Amino acid sequence: MSAHSFTRRLTQADLAKLYQAGEKVSMFTCYDASFARLLDGAGVDTLLIGDSLGNVIQGHDTTLPVTVTDIAYHTAAVKRGSEHAFILADMPFGSYQESPEQAFRNAATLMAAGAQMVKLEGGAEMAATVEFLTHRGIPVCGHLGLTPQSVHALGGYKVQGKGEAAAQRLKDDALLLQKAGATMLVLEAIPAALAAEVTASLNIITIGIGAGKDCSGQVLVLHDAFDIPPGKKAKFVRNFMEGASSLHDAALRAVAAIKDGSYPAPEHTYAG
Ligand code: KIV
């Protein structure tokens, strides 16, 4: 079972069924209708309108300048271009940290633009906001580990969750987000063993990016996976254009590698 098996758009319940059946969930970031059509045609389960659009589309150094209006615009385009994939939209920096009410107002804008779930960064400090949203009909995906909106506080784009105290905090945060009602959790740039432990401790979907093979699914940043622009990328990135005959072929290979567990391989993984 994958997005290809559906004649309609996937729902949160469909993703839960994939997870319960032990099938890896595939996710790509996506920002426009043409790539949405291409990825949808390759059977990608979930399209994330990531605030990485600040980097790869707008040319900024960080995700911080991205606005709710930007994400809503790109979400509507991705929705128009796709028929089957589940649509997840990022809540940008400054759009949810102030209060649960502020988060609700901005999440509602993204849901109206076509999102089926919103993603926000942070752990314990976000639990009340996650509960507020999920109790009001807005599905939420958490995001722990390397949280790019905190790049300045973290002192750069560095692997997180190293050492006993940091690992314990991340495990506690994951459980708190699940308890608050989050039904999906992105784990970014953490040791593979920690991601495996977190995944085993939860009954919601974990989506890894630089978090090893034992997450319940993987997210690929579109421009990384298709090597745009060509050049050196983070350790966890695999160039799916290598050996592919077209973008469609590369997307098919990426979905297959996520589903059969061959991506990420040990060389894409961080140790503790
Ligand atoms: O914005 C984004 O692309 C993301 C992924 C790194 C998960 O949040």
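Not measured: the values here are computed from a predicted model. Counting starts at 1 for both ligands and their atoms, in listed order.
Arg253 contributes a side-chain N or O that, together with a main-chain N or O of Gly243, makes up a donor-acceptor pair within less than 3.5 Å.
At a cut-off of 3.5 Å, with distance as the only test, no side-chain donor of Ser34 or Asp32 sits close to an acceptor on the other residue. Side-chain N/O atoms of Ser246 and Asp249 include no donor and acceptor closer than 3.5 Å. Between the side chains of Asn106 and Thr109, not a single donor N or O lies within less than 3.5 Å of an accepting N or O. With 3.5 Å as the limit, one finds a donor-acceptor pair spanning the side chains of Thr183 and Gln12.
Residue contacts with ligand 1, taken as heavy atom pairs separated by less than 4.0 Å, involve Thr29 solely via side-chain atoms from C-beta onward. Looking at Asp90 against ligand 1, only its side chain comes within 4.0 Å, counting heavy atoms.
Numbered from 1 in the order shown, with element, the atoms of ligand 1 that lie under 4.0 Å from a heavy atom of Gly50 read 1 (O), 2 (C). Using a 4.0 Å cut-off to heavy atoms of His143, the atoms of ligand 1 that qualify are 8 (O).
The single protein non-hydrogen atom nearest to atom 8 (O) of ligand 1 is Lys119 NZ, 2.8 Å, given as residue, atom name and distance. The nearest protein atom to atom 2 (C) of ligand 1, hydrogens excluded, is given as Ser52 OG, 3.3 Å; this is a heavy-atom distance. Nearest non-hydrogen protein atom to atom 5 (C) of ligand 1 is Leu48 CD2, 3.9 Å. In terms of protein heavy-atom proximity, atom 6 (C) of ligand 1 is closest to Glu188 OE1, 3.6 Å.
Backbone and side-chain nitrogen or oxygen atoms of Tyr31 are examined, and none is located within less than 3.5 angstrom of a nitrogen or oxygen of ligand 1.
Atom CZ in Phe35 sits 5.5 Å away from atom CG in Leu247 (nearest 0.5 Å).
By the 4.5 Å heavy-atom criterion applied to side chains, Tyr73 and Ile49 are not counted as neighbours.
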